[in-house]
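To start, the structure under review is shown below, and the notes come after it.
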Amino acid sequence: MKKLMNRTLKPILIYALVVSVVSIPVYFLIIDFIWVRELDKHHYAIRRKIETRVNSLHLPDSTIWQTVAILNQTEPGFVLTAVGQTGDDRVYSIIRFDRFMQDREQFRCLVTYIRINGKPYRLLIETNMEEIDETILAIAAVTLFFFLVLLSGLIFLNRRMSLKLWQPFYAALQKLKQFNLQEEHRISFENTDTVEFKELNESLTKVLESNIAVYRQQKEFAENASHELQTPLAIVQSKLDVLLQSPDLTARQAEQIEVANRALSRVSRINKNLLLLAKLENLQFAEQEPVDLSTLLSDHIGLLSDYLEVKSLVVDSHIQPGIGVEGNRILIEILLTNLLLNAIRHTDVCGKIDVKLSANGLTVSNSGRVALHRENLFKRFSSGSFETPGSGLGLALVKEIGNRYGWKITYDFTAGQHVFRLTF
């Protein structure tokens with residue numbers, strides 16, 4: 001994962017690098033053009049000076065020939081030769097071996113014609129130019145230097161400006177991370193003069209307030225519905241109990257009433273669990289006390305012995321004594337009961353359940369054949385298995401209670417074992 005500021009900086013740096021690389025030959029061509037043009041102007045200036053100054057001396061031809069011979073021998077890049085007639089000027093560049101420099105050099109040349117004492121002379125002027133590779137190397141070095149300066153400046157400015165520019169975004173993000181829908185606290189975002197962030201904060205505020213309102217309505221509905229269902233469920237339960245005691249009841253009728261009674265018992269459990277979840281979300285179990293988890297766990301394993309005997313299950317417990325936690329005793333009992341009942345439900349007949357308690361946490365393992373559906377385990381009204389479905393609220397309660405005290409509940413399926421770990 002990359003930060004947004006780095007994503008915007010990368011294309012800018014690539015663009016700057018491409019421009020810098022392309023600029024090297026452009027710089028060379030411009031410099032070479034200017035250099036050649038200035039040399040040509042300089043050569044013509046030399047031509048005019050030689051012709052004007054020599055003619056102004058009014059020297060005899062013999063003296064001029066001697067002077068020309070001396071100049072041809074001593075002046076590098078200068079050759080003056082007497083000719084029969086004049087021709088057109090020529091300018092060109094040539095690379096040849098220079099005996100004085102003992103290396104191949106590039107020269108800019110001018111071949112032109114002048115008249116001294118009325119006689120034509122051919123004049124060759126040569127000027128040593130910088131080598132192409134040296135020029136390109138110098139330009140590349142300077143370009144690279146300034147690119148590194150530009151790179152450092154862009155990175156520094158990008159980080160400095162981005163931190164300041166994106167500060168409202170990071171502040172809003174931090175508040176969103178700390179937001180808990182169950183607490184129903186309204187988030188107040190920082191004021192900003194950036195239009196985009198201001199609109200973002202306003203939109204987030206509206207969305208959060210809408211979700212809080214919907215969540216509050218759902219909680220009130222669940223709590224009210226659970227309260228309202230208690231009385232009719234109790235009435236139906238009592239009527240079914242009365243029917244079961246009727247002496248005129250046939251076997252067929254008794255069987256149907258028993259099926260209805262079991263279904264009603266399941267509905268009652270779901271209703272109680274929903275009411276408990278509503279109370280948890282409304283923080284109605286705020287009181288805390290020291291709880292001896294070691295003793296409480298041992299007692300609950302004993303209380304569930306009838307369930308264990310029905311499926312001929314063996315429990316291997318390793319409970320470290322003296323393990324205590326801070327919390328509501330009723331909630332912790334519900335958590336332990338649901339974890340143990342879940343293990344019993346998902347263990348085959350004659351299977352084995354391992355219970356381990358230490359200072360680090362609680363582990364409940366049971367034998368199994370197929371892994372449970374992880375994505376549905378801790379969701380309300382979702383079953384982790386199609387073979388042994390439950391009410392869909394047991395593990396949701398475990399998760400909710402664990403979150404209340406900052407405990408982490410995880411599930412793994414390893415070597416044919418369903419493993420639930422509760423980390424304190």
**Asked** Once you round to the nearest 0.5 Å, how far does CZ of Phe197 lie from CG of Leu204?
**Response** 11.5 Å
**Message:** Going by side-chain hydrogen bond (donor to acceptor under 3.5 Å, both in side chains), name the pairs with one or both residues in residues 297-307, residues two or more places apart or in two chains.
**Reply:** His300-Thr337
**Prompt:** Rounded to the nearest 0.5 Å, what separation is found between the CZ atom of Arg345 and the NZ atom of Lys311?
**Reply:** 9.0 Å
**Asked** Between Tyr405 (side chain) and Asn328 (backbone), is there a donor-acceptor pair under 3.5 Å?
**Response** yes
**Prompt:** Would you say Phe146 has more than 12 foreign heavy atoms packed within less than 6.0 Å of its CZ?
**Reply:** no
**Prompt:** Has Asn191 got more than 12 heavy atoms of other residues, nucleotides or ligands less than 6.0 Å from its CG?
**Reply:** no
**Request:** Please report the C-alpha distance between Glu126 and Arg96 in whole Å, then the side-chain angles of each, then the deciding distance to 0.1 Å, and finally whether the salt bridge (Lys or Arg N to Asp or Glu O under 4.0 Å) criterion is met.
**Result:** CA-CA 12 Å; Glu126 294 181 338; Arg96 61 175 175 79; 2.4 Å; yes
**Asked** Rounded to the nearest 0.5 Å, how far does CD1 of Ile155 lie from CG of Leu13?
**Response** 6.0 Å
**From Leu313 atom CG to Leu304 atom CG, the distance as rounded to the nearest 0.5 Å** = 11.0 Å
**Request:** Decide yes or no for Val325 and Trp407: does some side-chain heavy atom of the first lie under 4.5 Å from some side-chain heavy atom of the second?
**Result:** yes
**Prompt:** Taking all atoms of both residues into account, what is the closest heavy-atom pair of Phe424 and Ala359, and its distance?
**Reply:** CD1-O, 3.9 Å
**Message:** A side-chain contact here means heavy atoms from C-beta on lying under 4.5 Å apart; do Arg48 and Ile114 qualify?
**Reply:** no
**Asked** Taking all non-hydrogen atoms of both residues, which atom of Thr347 and which atom of Lys352 are closest, and how far apart?
**Response** CG2-N, 3.9 Å
**Request:** Could you tell me whether the side chain of Leu397 reaches within less than 4.5 Å of the side chain of Leu335, counting heavy atoms only?
**Result:** no
**Message:** Between Thr192 and Thr194 (side chain of the first, backbone of the second, donor and acceptor by atom type, cut-off under 3.5 Å), is there such a pair?
**Reply:** yes
**Request:** Supply the atom-to-atom distance Asp40 CG to Ile125 CD1, rounded to the nearest 0.5 angstrom.
**Result:** 10.5 Å
**Item:** Min side-chain heavy-atom separation Ser294-Leu357 under 4.5 Å
**Value:** yes
**Request:** Work out which heavy atom in Ser23 is nearest to a heavy atom in Thr143; give both atom names and the distance.
**Result:** OG-CG2, 3.8 Å
**Item:** Qualifying residue for side chain to side chain contact (heavy atoms under 4.5 Å, CB included) with Arg122, from Leu80, Val111, Thr86, Val79
**Value:** Val111
**Request:** State plainly whether the residues Glu202 and Lys206 are in salt-bridge range, i.e. N to O under 4.0 Å.
**Result:** no
**Request:** Tell me whether the guanidinium CZ or amine NZ of Arg421 lies under 6.0 angstrom from the six-membered ring centre of Tyr411 and within 45° of its axis.
**Result:** no
**Asked** Do the side chain of Asn366 and the main chain of His346 share a donor and acceptor less than 3.5 angstrom apart?
**Response** yes
**Request:** Look at the side chain of Thr250 and the backbone N and O of Gln253, then say whether any donor-acceptor pair between them is shorter than 3.5 Å.
**Result:** yes
**Asked** In this structure, which one of Leu339, Ile323, Leu340, Ile332 forms a side chain to side chain contact (heavy atoms under 4.5 Å, CB included) with Leu297?
**Response** Leu340
**Asked** Any side-chain heavy atom of Ile401 sitting closer than 4.5 Å to one from Asn338?
**Response** no
**Asked** Should we count OH of Tyr92 as having more than 12 external heavy atoms under 6.0 Å?
**Response** yes
**Message:** For the backbone of Ser188 and the side chain of Lys175, can you confirm whether one donor and one acceptor N or O come within less than 3.5 Å of each other?
**Reply:** yes
**Request:** List the atom of Leu200, the atom of Phe169, and the distance in Å for their closest heavy-atom pair.
**Result:** CD2-CD1, 4.2 Å
**Asked** Taking C-beta and beyond as the side chain, do His418 and Ser365 meet within less than 4.5 Å on heavy atoms?
**Response** no
**Prompt:** Judged by modelled atom types alone, do Thr127 and His42 share a side-chain donor-acceptor pair under 3.5 Å?
**Reply:** no
**More than 12 heavy atoms of other groups within 6.0 Å of Gln85 CD** = no
**Complete:** What one should report as the nearest heavy-atom pair of Leu150 and Ala16 is CD2-CB, 4.0 Å
**Message:** When you compare the side chain of Phe107 with that of Ile95, does any pair of heavy atoms fall below 4.5 Å?
**Reply:** no
**Asked** Looking at CD1 of Ile409 and CZ of Phe420, how far apart are the two atoms once the value is rounded to the nearest 0.5 Å?
**Response** 7.0 Å
**Request:** Could you check if a side-chain atom of Ile12 sits within less than 4.5 angstrom of a side-chain atom of Leu154, using non-hydrogen atoms only?
**Result:** yes
**Asked** Is it true that Arg108 and Glu38 have a side-chain N and a carboxylate O under 4.0 angstrom from each other?
**Response** no
**Any donor-acceptor N/O pair, Asn211 side chain to Val207 backbone, under 3.5 Å** = yes
